S.K.: 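Below is one structure. I have some questions about it.
Note that the structure is predicted; figures quoted are calculated from it, not measured. Quick note on labels: first sequence line is chain A, next is B, and so on, each numbered from 1.
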Amino acid sequence: METKSATMVTIVAERLLRDRLVEKIRALGAKGFTLTEVQGQGTRGWQAHEFEGPSVKIETLVRAEVAEQIVDAVAKYFEHHAVIVYLSDAKVVRLKKF
Amino acid sequence: METKSATMVTIVAERLLRDRLVEKIRALGAKGFTLTEVQGQGTRGWQAHEFEGPSVKIETLVRAEVAEQIVDAVAKYFEHHAVIVYLSDAKVVRLKKF
Amino acid sequence: METKSATMVTIVAERLLRDRLVEKIRALGAKGFTLTEVQGQGTRGWQAHEFEGPSVKIETLVRAEVAEQIVDAVAKYFEHHAVIVYLSDAKVVRLKKF
Amino acid sequence: MSPAEILATNLLSPVVLAFGLGVAATLVKSDLEFPEALYQSLSIYLLLAIGLKGGAALSVTPIGQFLGPAAVTILLGLVTPLTAFAFLLGVMRIDRINAGALAAHYGSVSAVTFLAAVTFGEATRVPSEGFMPALVALLEVPAIVVGLLLARGASARAVREEGSGSWAGAIHEVVTGKSIILLVGGVLVGWVAGKERMAPVEPFFVAGFQGALTLFLLEMGLVASRRLRDLREAGILLVAFGTFVPLAHGVLGVWGGTLAGLSEGGAAVLGTMVASASYIAAPAAVRIALPEAKPSLYLTASLGITFPFNLVLGIPVYFALARIFGG
Amino acid sequence: MSPAEILATNLLSPVVLAFGLGVAATLVKSDLEFPEALYQSLSIYLLLAIGLKGGAALSVTPIGQFLGPAAVTILLGLVTPLTAFAFLLGVMRIDRINAGALAAHYGSVSAVTFLAAVTFGEATRVPSEGFMPALVALLEVPAIVVGLLLARGASARAVREEGSGSWAGAIHEVVTGKSIILLVGGVLVGWVAGKERMAPVEPFFVAGFQGALTLFLLEMGLVASRRLRDLREAGILLVAFGTFVPLAHGVLGVWGGTLAGLSEGGAAVLGTMVASASYIAAPAAVRIALPEAKPSLYLTASLGITFPFNLVLGIPVYFALARIFGG
Amino acid sequence: MSPAEILATNLLSPVVLAFGLGVAATLVKSDLEFPEALYQSLSIYLLLAIGLKGGAALSVTPIGQFLGPAAVTILLGLVTPLTAFAFLLGVMRIDRINAGALAAHYGSVSAVTFLAAVTFGEATRVPSEGFMPALVALLEVPAIVVGLLLARGASARAVREEGSGSWAGAIHEVVTGKSIILLVGGVLVGWVAGKERMAPVEPFFVAGFQGALTLFLLEMGLVASRRLRDLREAGILLVAFGTFVPLAHGVLGVWGGTLAGLSEGGAAVLGTMVASASYIAAPAAVRIALPEAKPSLYLTASLGITFPFNLVLGIPVYFALARIFGG
Ligand SMILES: Nc1ncnc2c1ncn2[C@@H]1O[C@H](COP(=O)(O)O)[C@@H](O)[C@H]1O
Ligand SMILES: Nc1ncnc2c1ncn2[C@@H]1O[C@H](COP(=O)(O)O)[C@@H](O)[C@H]1O
Ligand SMILES: Nc1ncnc2c1ncn2[C@@H]1O[C@H](COP(=O)(O)O)[C@@H](O)[C@H]1O
Ligand code: NA
Ligand code: NA
Ligand code: NA
C-alpha cells in the first residue's frame with residue numbers, strides 16, 4: 001500500500017495540562033491523538049507525579065500546517081509549565097484520516 | 001559506532017488486536033517489538049479501555065521491505081477496528097539484529 | 001515559531017539498567033529525558049517483568065554529537081543485557097534547551 | 001415493607017449512593033479518576049470472590065436442590081436472547097448484526113447487578129440461596145453464544161475474511177474470558193476446598209466484599225455517566241429497549257425462579273440476573289465475532305441505560321414481584 | 001501519661017514507624033517503589049473511608065453539637081492563611097505569589113496528618129468526636145481560596161493571558177478536586193445511608209483502615225524523604241517557617257476547639273488539622289491559579305518539613321496542649 | 001493423619017487450588033491477566049505483613065528461644081549454596097557462572113513457599129513458631145552472597161569492565177532490595193511497636209492475609225505456567241536438579257530445625273524454607289552481579305520446577321519428616 005507524508009507532533013507535559021492541550025489540538029484540527037503516561041525530568045526537575053499523577057505524552061499525526069499551529073499553541077505554556085514539543089516525519093496510509 | 005538505516009513501524013490499536021498483531025509481525029519477520037499501554041481517541045472515538053483494558057502501541061524496527069508487508073497486514077483491520085499504522089526512519093547499530 | 005533540528009535517542013532496556021542509563025545520559029550532557037514503562041520482546045525473549053518490573057523506554061532529545069556518545073555508552077551493555085538504542089530526527093523550538 | 005419503603009431502602013444503600021456519587025463527580029467535571037489497575041484489580045477480586053462464595057455454598061447443598069434452578073437458568077439463557085432479538089428486529093427495526101450483538105448482551109448477565117441484588121436482599125432480610133453465584137456462571141455463557149448465532153447468518157462472510165470476526169475466536173473468548181475463568185474457577189475452588197477449608201480466606205473475600213463492591217460502584221458511576229452523552233444519539237427507542245426488555249426478562253426470571261423452587265430472595269435475585277445485561281463478557285466476545293456491530297450501541301444500552309435502571313428501580317421491583325409470585 | 005511517655009507512644013506507633021521505614025529505605029537507596037496505581041488507590045480508599053466514617057457519625061450527632069465546631073473550623077480556615085501570609089511577607093520577605101501559594105497550603109489541611117492524630121488519640125485513650133472528618137472537609141476549601149486571593153493582586157495579569165493561571169479553573173479544581181469529592185461525597189453517602197446501613201461495609205472501610213494507613217505512610221516516607229535533598233536549597237528560614245507556623249496554628253486550633261466545646265481529643269485533633277499543611281488539594285489548585293509559584297518551595301515545606309514535624313513532634317504537643325486548655 | 005490424608009489436605013487447600021486455577025487459565029489460553037501494579041502491590045503487602053507478624057511475635061519471645069534457630073538458619077544459608085553448587089558442577093557439569101547463579105537461588109528462600117507451609121501447618125493443626133518470618137530474613141541474604149562468591153572467580157573480569165556485572169552493586173542490591181527492606185523493616189517495626197500496639201493494624205495485615213495470599217497464588221500460577229514451555233529446552237537434568245536438591249535441602253532443614261529445638265511445625269516450615277528457591281531477591285542480585293548467567297535457566301528452575309514441586313509435594317513431605325524426626 002502506498003504511503004504519504006504526515007507530521008507527528010509529540011508533546012510531553014505535566015499532567016495538569018493534559019485536558020487543556022487535548023482540547024487545543026482538537027480545536028486546531030487534529031483528528032485523533034494517542035496518550036501515554038510517562039515520567040520525566042527536564043530543566044524543571046522531576047515532575048511530582050505522586051500528587052498530580054504521572055506526566056503525559058500526547059502524540060498526534062497531522063498535516064504540516066496544523067503541526068505549526070500546535071507548536072505555537074504549546075509555546076504559550078513554556079514560561080510557567082513543564083512541557084516540551086517536537087516534530088518528526090511519518091509516512092501514513094489513508095492520508096485523509098489525518 | 002557507525003549507524004545504519006532501519007524503518008520503525010508503529011501500530012496503535014485497540015487491545016483486542018494486540019495478540020493477533022504481534023503474531024502477524026513476528027510471522028512477517030520482525031525480530032522484536034516493544035509494547036506500550038496507551039489511551040487514544042480517533043475517528044472512532046475513545047476506546048472503552050475500562051472493559052478491554054487500554055489500547056496498545058506496538059513499535060517494531062524492521063527492514064523497509066518488511067515494513068511494507070506489515071502495513072498491508074494491518075490495513076486488513078482498518079474497516080472494522082480502531083487501529084492506525086505509520087512508518088518513520090531510525091538509525092540503528094547492529095543492523096543484522098533487526 | 002521556527003524549528004531547529006535535534007536528535008532523538010531512544011533506548012529500550014530491561015528495568016535493571018534504568019538508573020545506570022539515566023545517570024549515563026545525564027553525564028554525557030542530556031538536559032532531560034522521558035521514561036515510559038513498556039513490555040518488550042527481542043532476541044532475548046520476553047523480559048520477566050513480573051520480577052524486575054516492566055522494561056523501560058528512555059527518550060532523550062540531544063545534539064547530534066551527544067547522541068553519538070550515548071549510543072557508544074549503551075553499546076557496552078549489548079553483550080549481556082536486553083537493550084536496544086536507535087536515533088531519529090526531530091525538530092524542536094528552543095534549541096538551547098536540549 | 002411498603003413498596004415505597006423498599007425503594008427507599010435501595011436508594012439509601014451505600015452501593016447505590018456510591019454509584020450516584022460517581023455520576024455526580026462526572027457531572028461536576030471532577031478530576032476524580034480510578035487508576036486502570038484499580039478497576040481491573042477490583043473486578044478480578046469481585047468475580048473470584050463471588051465464585052468462591054458460591055462454590056463453598058454449593059459444597060454443602062444437596063445436589064437435588066441445585067438441579068432445578070440450574071436447569072431453569074440455562075433455559076432462560078437460551079430464551080431471553082431470542083425475545084430481545086425479536087423485539088429489536090420486529091419493534092425497533094435494527095439490522096441483524098446489531099440486534100444479535102444486543103441480544104448477546106441482554107441474554108447474558110451483569111455480575112455487579114447480581115451483587116447489588118444479593119446485597120439488597122440481605123439488607124431487607126430476604127436472603128437468597130448461597131449457591132446463586134454458580135447460577136451466574138451458568139447464565140453467562142449460553143446467551144452470548146445464541147446471540148452470536150442469531151447475528152451470524154448476516155455475517156457469514158466475516159468468518160472467512162481475515163481481520164474480521166472469527167467465530168472460533170469468539171467462542172474461545174466466551175469460554176476462556178477472564179470473567180468466566182474467575183467465576184467458574186472460583187466456584188470450582190470453593191466447591192472442591194469446601195466450606196471449612198475456605199474459612200481462613202473468608203475475612204478477605206467475604207468480610208471485605210461489601211466495601212470493595214461499594215468502591216467498585218463508585219467507579220461504575222464514573223464510567224456509566226461518561227456514556228450518558230451518547231444517549232442523545234442513541235435516542236428514545238434505545239432507552240425504551242433498555243428498560244422494557246429488562247423488565248420483561250425480570251418477570252420471566254422471577255417467575256421461573258419461583259417455579260424452580262427458589263426462595264423468595266432467590267427468585268428475586270434470579271430475576272435480576274436475567275434482567276441484567278452483560279458488559280464485560282459479552283462486549284469482548286461481540287467485538288471478536290461481530291466487529292462490524294456498533295459498540296456505541298450495545299455499551300450505551302447495557303451500561304448507560306440498563307445498568308442504572310436495574311440498580312435503582314429494577315431490583316426493588318423484582319423483589320416485589322418475588323413476594324407476589326411466592327405468596 | 002508524662003510528656004515523655006506520650007512522645008514515646010507516638011514514636012512507637014506502627015504508622016510513625018512505617019513512615020520511618022520509608023525514609024530509611026530512601027536513605028539506603030533501596031529499589032523499593034510503590035506502583036503509581038497503589039499510591040492512587042490507597043489515597044482514594046483513605047479519603048473515601050474518612051468521609052464515610054464521618055458521615056455515619058454525623059447521622060447520629062445532634063446538629064446543635066456540630067454547629068459550634070463547624071463555625072470555628074471555617075473561621076480558622078479563613079484566619080490561618082492570613083497569619084501564614086503575614087509571616088511570609090513580613091518575616092521572610094517572600095514575594096506575594098509564593099507567599100500566597102504557601103498560605104493556601106498552610107491554611108488547608110493534610111488528611112493523613114489528621115488520621116495520624118485520630119489514631120494517636122485512640123492509642124492514648126483520648127478519643128475524638130466521630131464527626132471530625134466532616135470538619136476536615138470544611139477546613140480544606142476556604143483556606144485555599146483565601147490563599148489564592150492573597151496572591152491574586154500580583155498576578156491579575158495571569159487571569160487574562162491564556163496558558164497561564166486561570167482563576168475560574170482553580171476554584172473549580174478546589175471544589176471538584178478528587179480529595180474534596182471523595183471526602184465530601186463520602187460524608188454525604190455515610191450521612192444519608194446512616195450508621196445502620198453502613199454496617200456491612202465497615203469491615204472494609206473501618207477494620208482495614210489502620211493497616212492501609214500504615215502502608216500509605218510507608219509510601220509517604222519514600223516520597224517525603226525524596227524531598228529532603230531540596231531542603232538544602234530551601235534553607236533554614238523555610239525550616240523555621242515549616243515548624244513555627246504549624247505550632248502557632250496548632251495552639252490556635254486547640255484553643256478554638258476547646259472553646260467550641262470539643263472534647264479533649266477533639267480539640268487536639270482540630271489543632272493538628274489546623275497545624276497541618278495540605279499537599280494534595282492545595283498544590284493542584286495552586287499549580288492552576290499560580291503556575292509561576294515555585295512547587296519546589298511549597299511542596300518541600302508542606303511535605304518535606306511540616307508533615308514529618310507534625311507526625312513525629314506536633315501531634316503529641318497538640319494533645320498535651322488540649323489537656324492543659326481542657327482541664 | 002495418614003500421608004495420603006496430609007497430601008489431600010494440601011492439594012485441597014485454597015492456595016494450592018488457586019495456583020492450579022492460574023495454571024489452567026494459561027493452558028486454555030485465557031486472557032486473564034493481573035495488572036502489573038496488582039502483582040507488585042500484593043508482593044509489597046505480603047512481604048511487609050510477614051515481617052510485621054514475625055516482629056510482633058519476636059517482641060514476646062524470650063531471646064534465648066530464638067538464638068538457636070537463628071544460628072542454625074544462618075548456617076543452612078551458608079551450606080546449602082555449596083551443596084547446590086557442588087551438584088551443579090559435579091553431576092550436571094554446568095559452567096561456574098550459571099552454577100553460582102543457581103546456587104544463589106537455591107540457597108536463598110521463597111517467601112510464598114514459606115507462607116504456603118505456614119498455612120498448611122495451621123490447616124493441619126501443626127502450628128509453627130510465630131517468629132519464623134524473622135528466620136526468613138536471616139536465610140535470604142547469606143546464601144545469595146555465597147552463590148555470587150562461588151561464581152565470582154570465573155567472572156572477576158566483570159568487576160572492572162563497566163557495563164557488566166558489579167560486585168558492589170550486587171551486594172547493595174541484596175541488602176537493600178525491596179524484599180529484604182520490607183521483610184527486615186517489617187520485623188523491626190513489628191518488634192519495636194510490640195504486639196499490643198500492632199493490634200489495630202491486624203485486621204488488615206493478619207485477617208486479610210490468607211485471602212491476599214490466595215489471590216497472589218492465582219497470579220503465581222499464571223506466571224509459573226508461562227515458564228513451562230521453557231522446560232523442554234531446559235531438559236530433564238534441570239528437572240532432576242529442581243526436585244532432588246530441594247528434597248535434600250528440605251531434609252537438612254527439618255533435621256537442623258529439630259536439633260535447634262523448633263516445634264514439629266517450626267522444623268517443617270524451616271525445612272520448606274531451606275528447600276525453596278528464591279525468585280525475587282536472588283534473580284535481581286544475580287542479574288546485577290552475573291549478567292552473563294542465563295535467566296532462562298535459573299528462573300525456569302526456581303519458578304517453573306521447584307516452586308510448584310514444593311507447593312504440591314514438598315510441603316507435605318517436610319511435615320511428614322518433621323513428625324518422624326520429632327517423635
Ligand atoms: N531533552 C529532553 N529529552 C526528552 N524529554 C525531555 C527533555 N527535556 C524535557 N523533557 C520532558 O519534558 C518534561 C518537561 O520538561 P521541563 O519543562 O524541562 O521540566 C520533562 O518532564 C520530560 O518528560
Ligand atoms: N491523528 C492521530 N494521531 C495519533 N494517534 C491517532 C490518530 N488517529 C488515531 N490515533 C490512534 O489510533 C487509535 C484508533 O484510531 P481510530 O481508528 O481513528 O479510532 C486511536 O485510539 C488513537 O490512539
Ligand atoms: N526489532 C525491535 N523493534 C522494537 N523493539 C525491539 C526490537 N528488538 C528488541 N526490542 C526491544 O528491546 C528489548 C531488548 O531486546 P533484546 O536485547 O533483543 O531482547 C526488547 O525487550 C524489546 O522491548
Ligand atoms: Na440478562
Ligand atoms: Na492548616
Ligand atoms: Na533454599
S.K.: I need the minimum non-hydrogen distance between C:Val83 and B:Arg94, along with the two atoms involved.
M.R.: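 Between these two residues, the closest heavy atoms are O-NH2, 3.0 Å.
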S.K.: Relative to chain B, which segment of C:Gln69 carries a heavy atom at a distance below 4.5 Å: side chain, backbone, both, or neither?
M.R.: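 Contact with chain B is absent: no heavy atom of C:Gln69 under 4.5 Å.
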S.K.: For each of B:Arg26, B:Glu2, B:Glu37, tally heavy-atom pairs with chain C at distances under 4.5 Å, and name the one with the top tally.
M.R.: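 Top option by heavy-atom pairs under 4.5 Å: B:Arg26.
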S.K.: Pick one of side chain, backbone, both or neither for B:Leu61, based on which atoms fall under 4.5 Å of a heavy atom in chain C.
M.R.: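 For B:Leu61, side-chain heavy atoms alone lie under 4.5 Å from chain C.
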S.K.: Which one wins on heavy-atom pair count under 4.5 Å against chain C: B:Lys91, B:Lys31, B:Glu59?
M.R.: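 Going by pairs under 4.5 Å, I would pick B:Lys91.
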S.K.: As an exercise, state the distance from CD of C:Gln39 to CD1 of B:Ile58, rounded to the nearest 0.5 Å.
M.R.: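 Going from CD on C:Gln39 over to CD1 on B:Ile58, the span is 11.0 Å.
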S.K.: Relative to chain C, which of B:Thr60, B:Thr34, B:Thr3 shows the most heavy atom pairs under 4.5 Å?
M.R.: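 Between B:Thr60, B:Thr34, B:Thr3, the count favours B:Thr34.
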